[in-house]
> 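Mind having a look at this structure? Questions to follow.
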Amino acid sequence: MTTPAVTRFAPSPTGSVHLGNARTALFSYLWARKTGGRFILRIEDTDVERSQRRFRDELIGELEWLRLAWDEGPDVGGPAGPYVQSERGEIYAALFDRLERQGDAYPCYCRPEELEIARKLQRMAGRPPRYPGTCRGLSGAGRRERAASGLRPTLRFAVPSDRLVEFGDLVHGLQRLQTNDIGDFIIRREDGTASFFFCNAVDDALMGVTHVLRGDDHLANTPRQLLVLDALGLRRPDYGHVGLLVGADGAPLSKRHGSTSVQEFRQRGFLGAALLNHLYRLGHTGDLDRWLELAEMPGHFRPEHLGKAPARFDEAQLVHWQKETIARLSPADVGAWLGAGDDPRVAELLRHNVVLPQDAAPWLAVLRGELPPLDAEGRRIVAEAGPGFFAAAGAALGESGADLPRLAKLVAARTGRRGAALYMPLRLALTGRTHGPELAPLLALLGADAARRRLDQYAQDP
RNA sequence: GCUCCCUUCGUCUAGAGGCCUAGGACACGGCCCUCUCAAGGCUGUAACACCGGUUCGAAUCCGGUAGGGAGCGCCA
């Protein structure tokens, strides 16, 4: 029923992948998968100053970690390549040329400092800071003169006046904007590279992208891109502007909110599927509340349920999906994730008591024989049980071995204790804590000898 | 400053004029289960930003107010 959608994720390799970016990547991916279309990865590295190869590698690594596989892009190629903008210079050059010949673009010789001053002046006068059009009316002679004096021009798009730009936004509905509210903007920098408004829009069209999902912050800029596309006779994609991702205080996600990059969450030990499940529900509602495998998300993804309001990233909810994910991990994967060694029994023992790998440390220490000192409640329980209890337990252990049900039965018979009165002192002696993983597998893992030594410690009078 | 966008429980959201004494999920509280924690089951607290209008009837439509955000860059 739906036609295949071609979507894309177009990050710039100027930093780490942000949660907000990851979310739009997810939505774009899901849309393509839902409709049987294609998902494209395009690297927007036209800013030579800030783009770095290591960010590009990192970004690709994070997407792979999240398992958001692209059908076209760097490394895998595709019919509309190259998928790295710094390699598309010739394509852009031809288009710049055409725009200039058509009179839709003109060279601008204004210096950045001059423009800065002009903007300040406009602001002070209560006017919007827009390019005043200084170079727009320059004659051929004027241009030659400036070029001869060594000035290298930028290329500006000549925004037509008195026109209404209209487009139907997938999430916001019909949008209209007066071209008079838009100043002539730069489409080619002084160094010859293409600027965002230009190459982002042009590449979407050239790569056959049908649906662009991006943050709300681009909504007001979309008319500019539409103008470029129209001037070039290129097909407009449909745009959907999703509400931004914000922190707990409602302000845009930033460093002061703690982790904001995918990498940071990954390093802390959050699982990809957990992040995906949380992101999937931020500014979007599927038809199901339960944890979803990435593979089943496309079937439940509902583009019409993409939200306009900003969504807050809430770590408590991430933690919930993390627990759900851990519960579904294979024993081998739990072990690898915990870094708890090769014994699958350890992973099984701890999986329900741990949210992040670091939470396993105290229990691994207990297994190694490093017990924490008892707290007040622990001391109370141990004292209440008395040395005789632990002596009996130690003796019973000699008969039962590291078999908790047998041990418990023997101790119960000899001390008359049952339930918590029986198990809590045992737990305390064995682990030093009142809370923790199931005692039976823990005892089995500990072994009879180690357990015996711990019980004996409490068998003497204090 | 100008233009644009947004506003339902603490959080994510359902809701497209009567189905809403506003539903679900997370978080929080209680009970059950249980040696503890977690999980699970049951259950409770908790929201239509505000003011006007349209209508027999508004969370839903219209206008305004307030608050938040974005854009106006040789950043993307």
Side-chain angles (χ1 to χ4, degrees), chain A residues 10-12 14-15 21 44-47 49-51 108 110-112 115-116 119 122-131 152-156 169 171-172 175-178 180-183 185-193 195-197 199-200 214-224 241 243-244 246 248 250-252 278 280-290 305 307-321 323-324 326-327 350-355 404 408 417-428 431 433-440:
Chain A
S12 63
T14 55
N21 300 140
E44 307 221 324
D45 59 347
T46 58
D47 182 347
E49 300 270 301
R50 301 199 303 146
S51 295
C108 170
C110 297
R111 308 302 310 160
L115 295 169
E116 186 57 37
R119 274 195 291 270
Q122 288 172 345
R123 258 183 230 275
M124 284 195 296
R127 301 290 313 153
R130 279 202 277 273
Y131 180 64
R152 297 202 38 189
T154 60
L155 192 65
R156 272 186 198 274
D169 187 89
V171 349
H172 291 273
Q175 302 291 308
R176 300 165 192 266
L177 202 103
Q178 271 300 333
N180 293 358
D181 289 330
I182 308 174
F185 52 94
I186 289 176
I187 53 177
R188 188 185 63 208
R189 303 186 185 95
E190 187 182 330
D191 66 6
T193 57
S195 73
F196 172 78
F197 290 134
C199 54
N200 178 266
R214 42 163 40 164
D216 241 354
D217 48 340
H218 290 292
L219 186 59
N221 286 328
T222 305
R224 260 169 264 262
H241 291 92
L244 255 26
V246 298
H278 187 217
Y280 171 81
R281 290 169 176 83
L282 248 26
H284 168 253
T285 357
D287 54 4
L288 247 32
D289 272 336
R290 53 157 251 256
H305 276 74
K308 330 179 207 220
R312 287 172 204 235
F313 182 84
D314 181 4
E315 193 161 308
Q317 304 202 31
L318 208 213
V319 166
H320 172 253
W321 297 117
K323 288 179 182 170
E324 293 279 321
I326 294 168
L350 298 181
R351 73 186 308 167
H352 297 301
N353 290 270
V354 159
V355 170
L404 187 71
R417 285 171 170 269
R418 301 167 20 210
L422 168 67
Y423 286 96
M424 281 314 278
L426 287 178
R427 171 176 291 281
L428 250 345
T431 72
R433 289 181 179 82
T434 52
H435 303 323
E438 271 192 89
L439 211 43

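By convention in this document, chain letters (A, B, ...) are assigned in the order of the sequence lines, proteins followed by strands, and residues within each chain are numbered from 1. Computed from a prediction, not measured in an experiment: that's the story for all the values here.
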> Within the pair His320(A) and rC26(B), is there a side-chain N or O less than 4.0 Å away from OP1 or OP2?
yes

> On a whole-Å scale, what distance lies between the P atoms belonging to rG18(B) and rA27(B)?
33 Å

> Under 3.5 Å, is there any donor-acceptor pair linking the side chain of Arg127(A) to the base of rC2(B)?
no

> Can you check the Arg433(A) CZ to rC37(B) P distance for me, whole Å?
15 Å

> Base, sugar-phosphate, or nothing: which does Glu116(A) touch, judged by heavy atoms less than 4.0 Å apart?
nothing

> In Watson-Crick or G-U wobble terms, both distances under 3.5 Å, what is the partner of rG52(B)?
rC62(B)

> Roughly how far apart, to the nearest Å, are rG17(B) and rC48(B) at atom C1'?
15 Å

> What string of B, S and - do you get for nucleotides 70-76 of chain B, 5' to 3', if B is base contact, S is sugar-phosphate-only contact and - is no contact with any protein heavy atom under 4.0 Å?
SSBSBSB

> Between rC19(B) and rG57(B), how far apart are the C1' atoms? Round to whole Å, please.
14 Å

> Go through the structure and list residues passing side chain to side chain contact (heavy atoms under 4.5 Å, CB included) with Leu244(A), not counting sequence neighbours.
Asp216(A), Asp217(A)

> Who does rU34(B) pair with, Watson-Crick or G-U, both distances under 3.5 Å?
none

> Rounded to whole angstrom, note down the C1' distance from rC12(B) over to rC28(B).
16 Å

> Please give me the minimum heavy-atom distance between Ser51(A) and Asp45(A), naming the atom from each residue.
OG-CA, 3.4 Å

> Rounded to the nearest Å, what distance is computed from the CZ atom of residue Arg427(A) to the C1' atom of nucleotide rU34(B)?
11 Å

> Taking all heavy atoms of Val246(A) and all of Ala251(A), pick out the closest pair and write down the distance.
CB-O, 3.3 Å

> Does rA25(B) pair with anything, Watson-Crick or G-U wobble, both distances under 3.5 Å, and if so, with which nucleotide?
rU11(B)

> Measuring only the C1' atom in each nucleotide, how far is rU45(B) from rU36(B)? A whole number of Å is fine.
27 Å

> Give the rounded distance in Å between these two atoms: CG of Asp287(A) and P of rG24(B).
17 Å

> Rounded to the Å, how far apart are Arg290(A) CZ and rC26(B) C1'?
17 Å

> Looking at rA16(B), which nucleotide sits across from it as a Watson-Crick or G-U wobble partner, both distances under 3.5 angstrom, or is there none?
none

> Given the P atoms of rG10(B) and rC62(B), what is the spacing between them in whole Å?
26 Å

> Using the C1' atom as the point on both nucleotides, what is the distance between rG73(B) and rC50(B), in whole Å?
37 Å

> Between Arg189(A) (side chain) and Ser195(A) (backbone), is there a donor-acceptor pair under 3.5 Å?
no

> Tell me which of Leu318(A) and Val171(A) sits closer to the 5' end of RNA chain B, going by the nucleotide each one is nearest to.
Val171(A)

> Compare every heavy atom of Cys199(A) with every heavy atom of Thr46(A), then report the nearest pair and how far apart it is.
CG2-SG, 3.9 Å

> Kindly indicate whether the side chain of Tyr131(A), heavy atoms from C-beta on, has any atom under 4.5 Å from the side chain of Cys108(A).
yes

> Could you go through the side-chain hydrogen bond (donor to acceptor under 3.5 Å, both in side chains) check for Asn221(A) and Arg214(A) one step at a time?
CA-CA 12 Å; Asn221(A) 286 328; Arg214(A) 42 163 40 164; over 6 Å; no

> Quick one: label Leu177(A) by what it contacts on the DNA or RNA (base, sugar-phosphate, nothing), any heavy atom closer than 4.0 Å.
sugar-phosphate

> If you look at every strand shown and take non-hydrogen atoms under 4.0 Å, does Asn353(A) touch a base, only sugar-phosphate, or nothing?
base

> Relative to the ring of His218(A), is the ring of His241(A) parallel (under 30°), tilted (30 to 60°) or perpendicular (over 60°)?
tilted

> Please compare Thr434(A) and His172(A) by the position of their nearest nucleotide in RNA chain B and report the one closer to 5'.
His172(A)

> Expressed as a whole number of Å, how far does the P atom of rC20(B) sit from that of rU13(B)?
23 Å

> Just the table, please: protein N/O against nucleotides 12-14 of chain B N/O, every pair under 3.5 Å.
unit_1  : atom_1 : unit_2    : atom_2 : d
rC12(B) : OP1    : Arg312(A) : N      : 3.0
rC12(B) : O3'    : Gly283(A) : N      : 3.4
rC12(B) : O2'    : Arg281(A) : O      : 2.2
rU13(B) : OP1    : Gly283(A) : N      : 2.3
rU13(B) : O3'    : Thr285(A) : OG1    : 2.9
rA14(B) : OP1    : Thr285(A) : OG1    : 3.1

> Scan every strand shown for a Watson-Crick or G-U wobble partner of rA70(B), both distances under 3.5 Å, and answer none if you come up empty.
rU3(B)

> Rounded to the nearest angstrom, tell me the gap between atom CG in Leu422(A) and atom P in rU34(B).
15 Å

> Find the distance His352(A):NE2 to rA39(B):P and express it as a whole number of Å.
10 Å

